[in-house]
Every structure is written in C-alpha cells, then in structure tokens.
Amino acid sequence: MSNQAPNQARVIPLRPKTGPAPAAPATPGRPAPREPLFRDLVGDVLRRERLAQERTLKDVADAARISMPYLSELERGRKEASSEVLAAAAHALGLGLGDLLSLAQSELTRHTRSRTHARTTTSAPYNGLCLVA
C-alpha cells in the first residue's frame, strides 16, 4: 500500500533530477549558448519567407488550410508540426518541403558556425601556422 493520502496524486518525474547537461564552457557572467531547436529553425524560416513575400499570417494560413493561431505558434517555435503541416505551409509559400528543410539546415549551419567562431575567439590566441596563397 501507498503511504500517500488517498486524495493526493502521485507525481512521476519525466526527467531524472540531475544537474544541468554539460555544455560549452561559458564565460563568467554569460550563460552557455543553447543548441537551437528544430522547431525554432523551421519557424524562423517560415516567418522570414512569409515576410519576404509581404504576406499576412491569415493569407498563408488560409492557403495552407491551417489555423492562423497555429501558424503563428509554428513561426514562434511553440509547436512541433507534422510533416504534412510543414509541407502545406511550405507549399503555401511557394516552397517544397525539401526547400524548407534545406533552409532550416542552412540556419543550423550558420548558427553552429557562429557558436564555433565565438568559442574560438574567446579562447587563447591561435599560435599555429597560417599559409596564404
């Protein structure tokens, strides 16, 4: 039998209670940069493409046959969309699903490079050999 009160719910933790995951070393006073989430990258691409075409959320949502609040949440990275919804949103913007994913991958590459660059510029100076053609 349980030693809890009969009207009290038992809480089961979804993640173990351990310390934060090891990340890139942070400089004092600044938190370590976090890895971007896929939904954030796709949302950024959707919003950038929509704004570049000077279209409204309502226009794109109607063309994709999804609700305007849902499209807004996708653009803000608040929701994980299915591949069907991503394809519909991409097609509404005149893109294929592959184009959307390729643009998101480019965003991830750009973000990763900026993190790597920031990490190497804050460390000790490079004392290696530099060859110029």
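- Contact annotation: the side chain of Val42 never approaches that of Glu107 to less than 4.5 Å [non-hydrogen atoms, C-beta and beyond].
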Donor-acceptor list for residues 62-74 side chains, cut-off 3.5 Å, not counting sequence neighbours:
{"residue": "Asp62", "atom": "OD2", "partner": "Lys58", "partner atom": "NZ", "Å": "3.0"}
{"residue": "Ser67", "atom": "OG", "partner": "Tyr70", "partner atom": "N", "Å": "3.2"}
{"residue": "Ser72", "atom": "OG", "partner": "Arg76", "partner atom": "NE", "Å": "3.3"}

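- Side-chain contact check for Leu103 versus Leu100: every heavy-atom pair is 4.5 Å or farther apart.
- Put simply, Leu101 and Leu41 are part of two different groups of oily side chains (I, L, V, M, F, W, Y) that touch within less than 4.5 Å, one to the next.
- In this structure the side chain of Arg48 reaches within 4.5 angstrom of the side chain of Val45, judged on heavy atoms.
- Counting heavy atoms from C-beta outward, Leu108 and Glu35 have side chains that approach closer than 4.5 Å.
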Under the salt bridge (charged side-chain N to carboxylate O under 4.0 Å, His left out) criterion, do Glu49 and Arg55 qualify, and how do the steps go? CA-CA 9 Å; Glu49 289 297 317; Arg55 294 174 67 186; over 6 Å; no
Determine all donor-acceptor pairs shorter than 3.5 Å in which one atom belongs to a side chain in residues 86-99; sequence neighbours excluded.
{"residue": "His91", "atom": "ND1", "partner": "Leu95", "partner atom": "O", "Å": "3.3"}
{"residue": "Asp99", "atom": "OD2", "partner": "Gly96", "partner atom": "N", "Å": "2.9"}

